[in-house]
Undergrad: 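Just passing along the structure, written as structure tokens.
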Amino acid sequence: MAKQVPGRVTMEKLTSLCQRRGFIFPSSDIYGGLSSCWDYGPVGVELKRNIKEVWWRNNVQERDDMVGLDTSILMHPRVWEASEHLAQFSDPLVECKNCHLRWRADELKGDRCPSCNGELTEPHQFNLMFKTFMGPMEEAANVVYLRPETAQGIFVNFENVVNTSRKRLPFGIAQIGKSFRNEITTGNFVFRSREFEQMEIEFFVKPGTDDKWFDYWLEERFNWYVKLSIKKENLRLREHAEEELAHYAHKCYDIDYNFPMGWSELEGIANRGDFDLKQHMTYSGKSLTYLDEESKEHIIPYIIEPSAGVDRSVLAVLCDAYEEEPDKDEIRVLFHFHPDLAPIKVAVLPLSRKENLAALAKDVYADLRPCWMVQYDDTQSIGRRYRRQDELGTPFCVTIDFQSLEDNMVTIRERDTMNQIRLPIAALRDTLQAKLAGEDLFVLPEGGQIWKEEKHA
Ligand code: ATP
């Protein structure tokens, strides 16, 4: 067989690996898929959950100035009048008169159809909100919308949260949830889909302190991705030009990631001023002011919004962690996931299925499972099993061999270095715990050994 040469990540390679290993499948696959909707498989669901959990831990659990919320997808239709989504949340749509494909006019390079070079229609504004009906009657009075962002659920609960959480300015409300947009052009895998998840923070501050807080969140959010091992050189900040700013925004930056198709938005950070609370005050007739204890005045807080996409974060993490390494004449494909994000933390691999060995391996497995997502695999050669775990991005494999029955020792094999350490079973859980927490100062337990894995043919 010809020698394989390692290459860079491409969307084709990623999509295919994600399907083959159970990260992400097309929605309704057996029916040929549903355009731009995706299902997260047994491994992908863990990766996605881990991203959301780390975000929640860092932004809610570990902060004094943040609370969480989980609001409904369907909201009162007046919300979308107040937010101006009904009037403004649209893209200019053009259709090819020849092949009838539709395009976003603002994304086209020329004035002809990119597919067949046909003539295009004049653009018309197309609202991106999905419409449905509440109750049994499909009539105009019962129209409701699937939310196109989670933010509005936070704004309309501002008063509820202030009254119940004893939070004083500055403080934030965080939410993770599904949003829906009837995008005209989709594609690039999960980058742009019609159903997706957002992780949004609305951070309420005193007017006049908003610039300071905007800079704070810009830095905080950029560093969050770096902390999750995304390479700094693949991240950039891009300020929106005046004409690009949304109608509500005083200022906006995107955190872009260098995806295989080029630099594209991962997260948007906007200074929304007092637009949202003011609009909801006008449309609901309720006061959403905040009593400033210092000045004894009622003020309308300004809002800084870091708004991230869960699916785009999944994609960025996958792209960034993907690597092909030479392995004799073949290539080793692996994901260098940060341990907090790795879908499976540990794989338990008995060298054979022999009864006494399996019993010991099952004991080890049972001991580790309460701590982490652990996979048990006793099929095929050990080399193949290591490679399979590399493709899942599993940081550690624990191998149980016949010697283990004699000396109660097992081998930990590390994904990134391919180092192997032999250590007593009694020290296994603590050692894995330390290694998953990224502790470099690893103390080899008494009787332990360390060596490097031979690359297999
Ligand atoms: P774009 O310019 O790419 O359409 P946007 O500026 O409209 O994005 P925002 O309204 O700022 O996006 O939404 C905040 C975040 O939600 C984005 O940074 C992105 O991560 C995510 N997001 C928005 N639309 C989609 C989508 N169609 N599919 C997946 N994620 C999305």
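Remember, it's 1-based here, ligands and their atoms both numbered in the order they're listed.
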Undergrad: Considering only protein heavy atoms, which is closest to atom 11 (O) of ligand 1, and at what distance to one decimal place?
TA: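 Among all protein heavy atoms, the one nearest atom 11 (O) of ligand 1 is Glu265 OE2, 3.3 Å.
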
Undergrad: Fit a plane to each ring of Tyr322 and Phe335, take the angle between them on a 0 to 90° scale, and name the class: parallel (under 30°), tilted (30 to 60°) or perpendicular (over 60°).
TA: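 If you compare the ring of Tyr322 with that of Phe335, the planes turn out perpendicular.
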
Undergrad: Walk me through whether Arg181 and Phe89 qualify under side chain to side chain contact (heavy atoms under 4.5 Å, CB included).
TA: CA-CA 10 Å; Arg181 295 182 188 179; Phe89 194 57; 3.5 Å; yes

Undergrad: So do Val162 and Phe204 actually touch side chain to side chain, heavy atoms under 4.5 Å?
TA: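 Heavy-atom side-chain distance check fails, nothing below 4.5 Å.
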
Undergrad: Taking only heavy atoms of Gly268, which atoms of ligand 1 are found under 4.0 Å from at least one of them?
TA: 18 (O)

Undergrad: For atom 29 (C) of ligand 1, which protein heavy atom lies nearest, and how many Å away is it?
TA: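 Residue, atom and distance for the closest contact: Phe191 O, 3.1 Å.
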
Undergrad: Identify the protein heavy atom lying closest to atom 4 (O) of ligand 1, giving its residue, its atom name and the separation to 0.1 Å.
TA: Arg192 NH1, 2.7 Å

Undergrad: Any ion pair linking Asp292 and Lys206 (charged N to carboxylate O, less than 4.0 Å)?
TA: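 A salt bridge links Lys206 with Asp292.
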
Undergrad: Between Phe203 and Trp213, is the ring centre distance below 6.0 Å?
TA: yes

Undergrad: Give yes or no for whether the N/O distance cutoff of 3.5 Å, strictly under, is met between Glu200 and ligand 1.
TA: no

Undergrad: Is there any N or O on Asp311 that sits under 3.5 Å from an N or O of ligand 1?
TA: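 So ligand 1 has no N or O lying under 3.5 Å from an N or O of Asp311.
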
Undergrad: Go through ligand 1 atom by atom and flag the ones less than 4.0 Å from a non-hydrogen atom of Glu183.
TA: 24 (N), 26 (C), 27 (N)

Undergrad: For atom 5 (P) of ligand 1, which candidate among Gln198, Arg312, Glu195, Arg181 provides the closest heavy atom?
TA: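 Selected option, by shortest heavy-atom distance: Arg181.
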
Undergrad: Using the side chain to side chain contact (heavy atoms under 4.5 Å, CB included) rule, take Lys178 and Gln198 through it: C-alpha gap first, then chi angles, then the decisive distance, then the call.
TA: CA-CA 6 Å; Lys178 287 259 172 149; Gln198 291 183 306; over 6 Å; no

Undergrad: Are Lys227 and Asp340 ion-paired here, with the side-chain N under 4.0 Å from a carboxylate O?
TA: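 No.
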
Undergrad: Would you please name every residue forming a salt bridge (Lys or Arg N to Asp or Glu O under 4.0 Å) with Arg20, sequence neighbours left out?
TA: Glu391

Undergrad: With a heavy-atom distance limit of 4.0 Å, tell me whether Glu267 approaches ligand 1 through its side chain, its backbone, both, or neither.
TA: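 Backbone only.
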
Undergrad: Taking only heavy atoms of Gly309, which atoms of ligand 1 are found under 4.0 Å from at least one of them?
TA: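 So the atoms of ligand 1 that pass are 20 (O), 21 (C).
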
Undergrad: Angle class for the His85/Trp80 ring planes (parallel below 30°, perpendicular above 60°, tilted otherwise)?
TA: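 If you compare the ring of His85 with that of Trp80, the planes turn out perpendicular.
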
Undergrad: Are any of the N/O atoms in Ser193 less than 3.5 Å from those in ligand 1?
TA: yes

Undergrad: Backbone, side chain, both or neither: what part of Leu266 comes under 4.0 angstrom of ligand 1, heavy atoms only?
TA: backbone

Undergrad: Does any N or O atom in Phe196 lie less than 3.5 angstrom from one in ligand 1, N or O only?
TA: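 There is no such contact.
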
Undergrad: Tell me which protein heavy atom sits closest to atom 14 (C) of ligand 1, plus the residue, atom name and distance to 0.1 Å.
TA: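 Heavy-atom neighbour on the protein nearest atom 14 (C) of ligand 1: Ser307 OG, 3.0 Å.
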
